[in-house]
Amino acid sequence: MTAAPTAVADGPGTAGEAERVGRAGAAGKAGKAGKGGHPGGRDLPPVVFVHGFTGDPSNWATAMDSFEAAGWDRDRLFALRYDWSASNRESARDLADLVAEVRRTTGARRVAVVNHSMGGLVTQWYVKKLGGHRHVGHVVSLAGAHHGTTRAADCLPLVPCAEMIPGSPFLRALARGDETPGATRYGTWYSPCDGVIVPHDSTRLRGALNRELPCVDHIAFLTDPGVMAEIQRFVRRG
């Protein structure tokens, strides 16, 4: 198969069998102060990162470093690897499996999910259609393709690209019912400088904290220090 067009790519990566990737590190004791005087890492929710189209867990390396510097224990930061060429429905099941594993291994009742681009669709299918909102305290979506993007036409006929076309059967099914179900707190961050999610406000969700940023391009959402600081504050609020 030829490489997917860069117009909708989220970063380097390869398709492959879904696997769960944790970022292991020194485990701090519960209640102990973390870096910079922040609450101990054990008092903060585990975070599961979900990459987008053509991405892989390495897309989140900078974000994980930022979360660790902000007080999270490294072994409570996880990134999902999934087959980005498969349907988002299938990828959502992979996310469900990882969240269950994270809850089991960390003892946390709920996790936070941070997604980027097509990872927004994976996350939304999980929380809405697979009951994931019961296990997720916070959803953070960075340039999520929640209502599709016209740029997905560039990578047809791949299945997830067809699902990202505005008005697709997948998006119509996803749109039914509450966009922000359960007690989960939802936040979206998006920008007119995105260039990949078109229209850029496709990321917005009814009932979420929706933050339009002045000028952040699509890939920069993965590493921008200001964005990282905002989403960390959002997740900390409990």
Side-chain angles (χ1 to χ4, degrees), residues 1 3-4 6 8-27 41 44-106 108 111-127 130 132 135-136 138-145 155 158-160 164 189 196-197 217-225 227-228 231-232 235:
M1 185 178 71
T6 57
V8 292
D10 292 329
T14 57
E17 186 175 336
E19 62 184 60
R20 287 91 187 135
V21 180
R23 295 298 296 264
L44 297 169
V47 181
V48 175
F49 296 90
V50 184
H51 66 76
F53 184 70
T54 77
D56 70 22
S58 70
N59 295 160
W60 296 108
T62 298
M64 285 183 161
D65 288 345
S66 176
F67 270 72
E68 185 179 21
W72 268 261
D73 284 345
R74 194 72 170 197
D75 64 353
R76 289 170 75 84
L77 303 175
F78 302 83
L80 174 70
R81 184 190 300 276
Y82 65 92
D83 181 356
W84 51 258
S85 67
S87 169
N88 288 292
R89 293 177 175 89
E90 181 177 329
S91 301
R93 290 192 288 271
D94 294 329
L95 177 57
D97 290 344
L98 177 56
V99 169
E101 181 179 328
V102 169
R103 293 176 63 236
R104 182 172 60 253
T105 58
T106 65
V111 306
V113 176
V114 177
N115 66 62
H116 179 244
S117 195
M118 191 178 78
L121 296 181
V122 175
T123 304
Q124 284 300 103
W125 195 270
Y126 165 59
V127 296
L130 303 183
H135 311 305
V136 177
H138 296 78
V139 169
V140 169
S141 187
L142 306 177
C155 57
L158 291 176
V159 170
M164 284 191 284
W189 281 258
V196 172
I197 303 302
D217 73 34
H218 193 65
I219 300 302
F221 273 102
L222 293 165
T223 58
D224 184 274
V227 172
M228 292 298 114
I231 67 176
Q232 288 156 9
V235 174

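All heavy atoms count here, side chains included; hydrogens, waters and symmetry mates do not. Start at 1 with the first residue, then count along the sequence.
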Visitor: Closest approach of His218 and His116, non-hydrogen atoms and distance?
Guide: O-NE2, 2.8 Å
Visitor: Does the plane of the ring in Phe49 sit parallel, tilted or perpendicular to the ring in Trp60? Use 30° and 60° as the thresholds.
Guide: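 Rings of Phe49 and Trp60: tilted, 30 to 60°.
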Visitor: Grab the two heavy atoms, one from Val102 and one from Pro46, that are nearest each other, plus how far apart they are.
Guide: CG1-CB, 3.7 Å
Visitor: Working note: Phe78 + Val47, criterion side-chain contact (heavy atoms from CB on, under 4.5 Å); need CA distance, chi angles, decisive distance, verdict.
Guide: CA-CA 6 Å; Phe78 302 83; Val47 181; over 6 Å; no
Visitor: If I take atom OG from residue Ser117 and atom NE2 from residue His51, how far apart are they, to the nearest 0.5 angstrom?
Guide: 11.0 Å
Visitor: If you take all heavy atoms of Val111 and Val99, which pair is closest and at what distance?
Guide: CG2-CG1, 4.0 Å
Visitor: Show the nearest heavy-atom pair for residues Trp84 and Pro160, with the distance to one decimal.
Guide: O-CG, 3.1 Å
Visitor: Could you measure the distance from the CE atom of Met64 to the CG atom of Asn59? Nearest 0.5 Å is fine.
Guide: 10.5 Å
Visitor: Please confirm whether the backbone N or O of Thr62 pairs with a side-chain atom of Ser66, one donor and one acceptor, at under 3.5 Å?
Guide: no
Visitor: Drop me the distance from Leu222's CG to Asp217's CG, to the nearest 0.5 angstrom.
Guide: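 Between Leu222 CG and Asp217 CG, I get 9.5 Å after rounding to 0.5 Å.
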Visitor: Where the side chain of Trp72 meets the backbone of Pro45, is there a donor-acceptor pair that is under 3.5 Å apart?
Guide: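 Yes: the side chain of Trp72 pairs with the backbone of Pro45.
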Visitor: Roughly how far apart are Phe53 CZ and Asn88 CG, rounded to 0.5 Å?
Guide: 10.0 Å
Visitor: Apply the side chain to side chain contact (heavy atoms under 4.5 Å, CB included) test between Val114 and each candidate in Val140, Val48, Val50, Leu77; give the one that qualifies.
Guide: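 Considering Val140, Val48, Val50, Leu77, a side chain to side chain contact (heavy atoms under 4.5 Å, CB included) with Val114 is found only for Val140.
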Visitor: Could you tell me whether Asp94 and Arg89 have a side-chain N and a carboxylate O separated by less than 4.0 Å?
Guide: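 No, Asp94 and Arg89 are not salt-bridged.
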Visitor: Stepwise, does the side-chain contact (heavy atoms from CB on, under 4.5 Å) test hold for Asp65 with Met228?
Guide: CA-CA 10 Å; Asp65 288 345; Met228 292 298 114; over 6 Å; no
Visitor: Roughly how far, to the nearest 0.5 Å, is CG of Asp97 from CG of Leu130?
Guide: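 Here the interatomic distance stands at 9.5 Å.
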Visitor: For a side-chain contact (heavy atoms from CB on, under 4.5 Å) check, start with the C-alpha distance between Tyr126 and His135, then their side-chain angles and the critical distance, and finish with the verdict.
Guide: CA-CA 10 Å; Tyr126 165 59; His135 311 305; 3.9 Å; yes
Visitor: Measure across Leu80 and Pro57 and return the closest heavy-atom pair with its distance rounded to 0.1 Å.
Guide: O-CG, 3.8 Å
Visitor: For Ala145 and Ile197, work out which heavy atoms get closest and say how close.
Guide: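 Result for this residue pair: CB-CD1, 3.8 Å.
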Visitor: Return yes if some donor-acceptor pair links the side-chain N/O of Asp73 with the main-chain N/O of Asp75 below 3.5 Å, else return no.
Guide: no
Visitor: Within this structure, what is the CZ-CZ distance for the pair Arg76 and Phe67, rounded to the nearest 0.5 Å?
Guide: 13.0 Å
Visitor: Might you work through the side-chain contact (heavy atoms from CB on, under 4.5 Å) test for Val122 and Asn115, ending with a clear yes or no?
Guide: CA-CA 9 Å; Val122 175; Asn115 66 62; over 6 Å; no
